[in-house]
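As a basis for the values below, the full set of heavy atoms in this structure was taken, side chains included, without hydrogen atoms, waters or symmetry mates. We count residues from 1, following the sequence as given.
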Amino acid sequence: MAPIDWIVVAAYLAVVAWLGTRLARRQTDTEAYFIGGRAIPWWAVGCSFFGTSISTATFIALPGQAYGGDWRPHLANMMFPLAAIFIALVVIPFYRRRVRMSAYEFLEERFGYGARCYTSCFYLISRLFRSGLVLFLMAKAISAMTGWSPFTIVLVAGVIALVYTILGGLEAVIWTDVIQSVTLFGGGLFCLAMLWFGENGSAQLLSVAQESDKFRMVDWSLDLSQMTVLVTIAYGAFGFLSNYTVQQDAAQRYLASPSTREAQKAIWFGAIGCVVTWNLFMLIGSLLFSYYSLHPAELPAHIAASETEVFPWFVVTHIPAGMTGVILAGMCAAAMSSLDTMINSMAMVTVRDFYLHFRPKASDRFQLILGRAASAFWGLLGLGVGLVLLLGVEQALQFSFTVFSILGGGLFGMFLLAFFVKRAHALGVYVGLACGVLISAWTLIDQALAWAGAELGMAWAAQLAETLRYPFHPWLTLFLANLVSFTVGWAASLILPDIRKQRDSR
């Protein structure tokens, strides 16, 4: 690290911290704190969608995938604009018409508080562990490139994000996301330019990558047990549809825009920005493969053996002083833009979906104070999860995500029932959700048994895995779980009695 790199990183962190504190004076009520006073320009909200969807993994995993494999998994990312059509035409108008602040308010109207509570709890706990993972990945990546202490990286970046989020609310989150989006995209674009206009030239690098089939994106086979075109499209489309319908952080941005049309422009801007950036980093990975194929002596064997380390190695060995600081600032930006969003949304869910249910007459002033306190609480817990992961307990996190994958199965199907099926009622929806959870559990149990049989030599596990074999690729689970949740929930609502309506009529 040259002195100029230190200056660049320090200046970036100082600017985002200053901006958050600068906006603190405008947070006078909960509408300003949680949804930016419904007055944030569409392009800023779009940048926030973009910044939140780009994580540290974008800098590491996408170039690594393109370097070590091909572009087939990336086809799922290309489904974002397709999903944005449904989001813009259906989800955004619905939320702006029916929701005041929380994405889960209308679930209580349709299916009772149980549905709202389940979804809110799932959101809070899953986002808590995700915030720890974001900090963990950022710290490991930057530490490998610079030698800095990963604990220091987590504390500095995490505390700065926490401070400006507590003080500035969603407005600070969105405006810092604008800066972060420019930083991370600019860093990636510079790296691409270094390869594109380097000594080998773009034509030679593209030729080598093409000859090695590095740009392959589509497997036209109809085998649903493999990563074929149908599997990848279903996974990508339903993944984005689910995230941008079910997640509270997305709903807050829909409501932060001045109008429905502005919110629709924001999601389109965010979707296009994400796809362009993901393509950029995939292209970097493919060109890195070509570059190191032509210059194998420049890549140590232990780096070549770990595809996710190739791009960081290129940064520290080829990027000039000053721009290295921009790349590192971009990696911090990718993590902080995800972290600040989760902190603010978790605080909103705490206040609106839980506290107000028991204290509906609480003053707006007290809700604002509680919102800041909840931001501090969830932010510090997220920092704690990130620090614990650095101690070497990633297995606990993986176990947590496995549980969340099961419990989240079918949530999008429940939202579709709330949107489109007037006759859907609580009992029918719960039956459908339970069936969606079972589909997710089947997939994960099958994978766990297969792993135990292969890695631990447990013959009984291998035999049971054959008996319970999940016949499809795991990426189809999200699609199938939500399809089952929706169809079974609809059928059950037609067959089973509406207990809630019967109770209310008495």
Side-chain angles (χ1 to χ4, degrees), residues 30-31 34-35 90-128 130 170 241-255 341-342 344-362 364 367 370-371 374 377-378 403-404 406-437 440 481-482 485-486 488-490 492-493 496 498-504:
T30 54
E31 187 161 289
F34 288 130
I35 54 176
V90 177
V91 178
I92 290 176
F94 184 91
Y95 276 144
R96 292 189 62 89
R97 186 173 63 251
R98 296 286 300 274
V99 167
R100 185 183 173 193
M101 288 189 190
S102 169
Y104 313 131
E105 293 171 13
F106 77 98
L107 288 180
E108 182 176 9
E109 296 175 12
R110 289 296 315 275
F111 309 130
Y113 186 67
R116 182 177 185 178
C117 184
Y118 179 89
T119 312
S120 300
C121 287
F122 171 80
Y123 178 81
L124 286 176
I125 301 174
S126 62
R127 279 307 191 248
L128 170 64
R130 178 168 168 74
L170 185 68
L241 286 171
S242 179
N243 283 336
Y244 284 86
T245 301
V246 173
Q247 303 299 347
Q248 171 60 35
D249 42 89
Q252 281 177 259
R253 282 160 177 73
Y254 306 150
L255 301 175
T341 297
M342 289 184 282
N344 183 263
S345 297
M346 291 162 72
M348 208 286 307
V349 169
T350 302
V351 174
R352 301 290 305 184
D353 293 294
F354 290 104
Y355 182 78
L356 284 184
H357 178 73
F358 299 102
R359 296 288 186 273
K361 296 183 179 181
D364 190 80
Q367 292 178 49
L370 182 61
F377 173 76
W378 290 112
V403 174
F404 300 145
I406 294 175
L407 296 180
L411 278 182
F412 179 55
M414 180 171 69
F415 274 73
L416 290 179
L417 288 168
F419 286 165
F420 297 116
V421 183
K422 292 183 178 180
R423 295 187 62 180
H425 56 70
L427 181 58
V429 165
Y430 293 152
V431 171
L433 182 61
C435 292
V437 167
S440 299
N482 284 295
S485 174
F486 178 76
V488 172
W490 190 350
S493 295
L496 299 175
D498 186 348
I499 298 177
R500 187 182 176 203
K501 183 181 291 186
Q502 292 178 351
R503 184 181 65 244
D504 293 341

Report yes if some heavy atom in the side chain of [X] is under 4.5 Å from a heavy atom in the side chain of [Y]; otherwise report no.
X	Y	value
Met346	Gln248	no
Met348	Thr30	no
Val91	Phe415	no
Cys117	Phe354	yes
Leu411	Met414	yes

Heavy-atom donor-acceptor pair, [X] side chain to [Y] backbone, under 3.5 Å:
X	Y	result
Tyr95	Thr245	yes
Ser493	His425	yes
Arg110	Ala418	yes
Ser485	Gly410	yes

Restricting to non-hydrogen atoms, name the atom on [X] and the atom on [Y] that form the minimum distance, rounded to 0.1 Å.
X	Y	result
Gly489	Leu417	CA-CD1, 3.9 Å
Val429	Ala424	CG2-CB, 4.3 Å
Pro93	Val90	CD-O, 3.5 Å
Ala347	Gly371	CB-O, 3.5 Å

Output the distance between atom [atom1] ([X]) and atom [atom2] ([Y]), rounded to the nearest 0.5 Å.
X	Y	atom1	atom2	result
Asp498	Arg423	CG	CZ	10.0 Å
Leu370	Arg359	CG	CZ	11.5 Å
Leu255	Ile35	CG	CD1	5.5 Å
Leu107	Ser120	CG	OG	8.0 Å
Leu356	Thr350	CG	OG1	11.0 Å
Gln252	Gln247	CD	CD	11.5 Å

Practice problem: Look at the rings of Phe419 and Phe106 and say which category their plane angle falls in: under 30° parallel, 30 to 60° tilted, over 60° perpendicular. | Solution: parallel
Exercise. Could you walk me through whether Val351 and Phe34 pass the side-chain contact (heavy atoms from CB on, under 4.5 Å) test, one step at a time?
Key: CA-CA 10 Å; Val351 174; Phe34 288 130; 4.2 Å; yes
Self-check item: No-hydrogen, no-angle side-chain donor-acceptor test under 3.5 Å, Asp249 and Thr341
Solution: no
Exercise. Determine, using ring centers only, whether Tyr430 and Tyr118 are less than 6.0 Å apart.
Key: no
Exercise. Please name all residues satisfying salt bridge (Lys or Arg N to Asp or Glu O under 4.0 Å) with Arg98, sequence neighbours left out, ordered by chain then number.
Key: Glu109
Exercise. Begin with the C-alpha distance, continue with both residues' side-chain angles, and end with the deciding distance and a verdict on side-chain contact (heavy atoms from CB on, under 4.5 Å) for Arg100 and Arg352.
Key: CA-CA 10 Å; Arg100 185 183 173 193; Arg352 301 290 305 184; 3.6 Å; yes
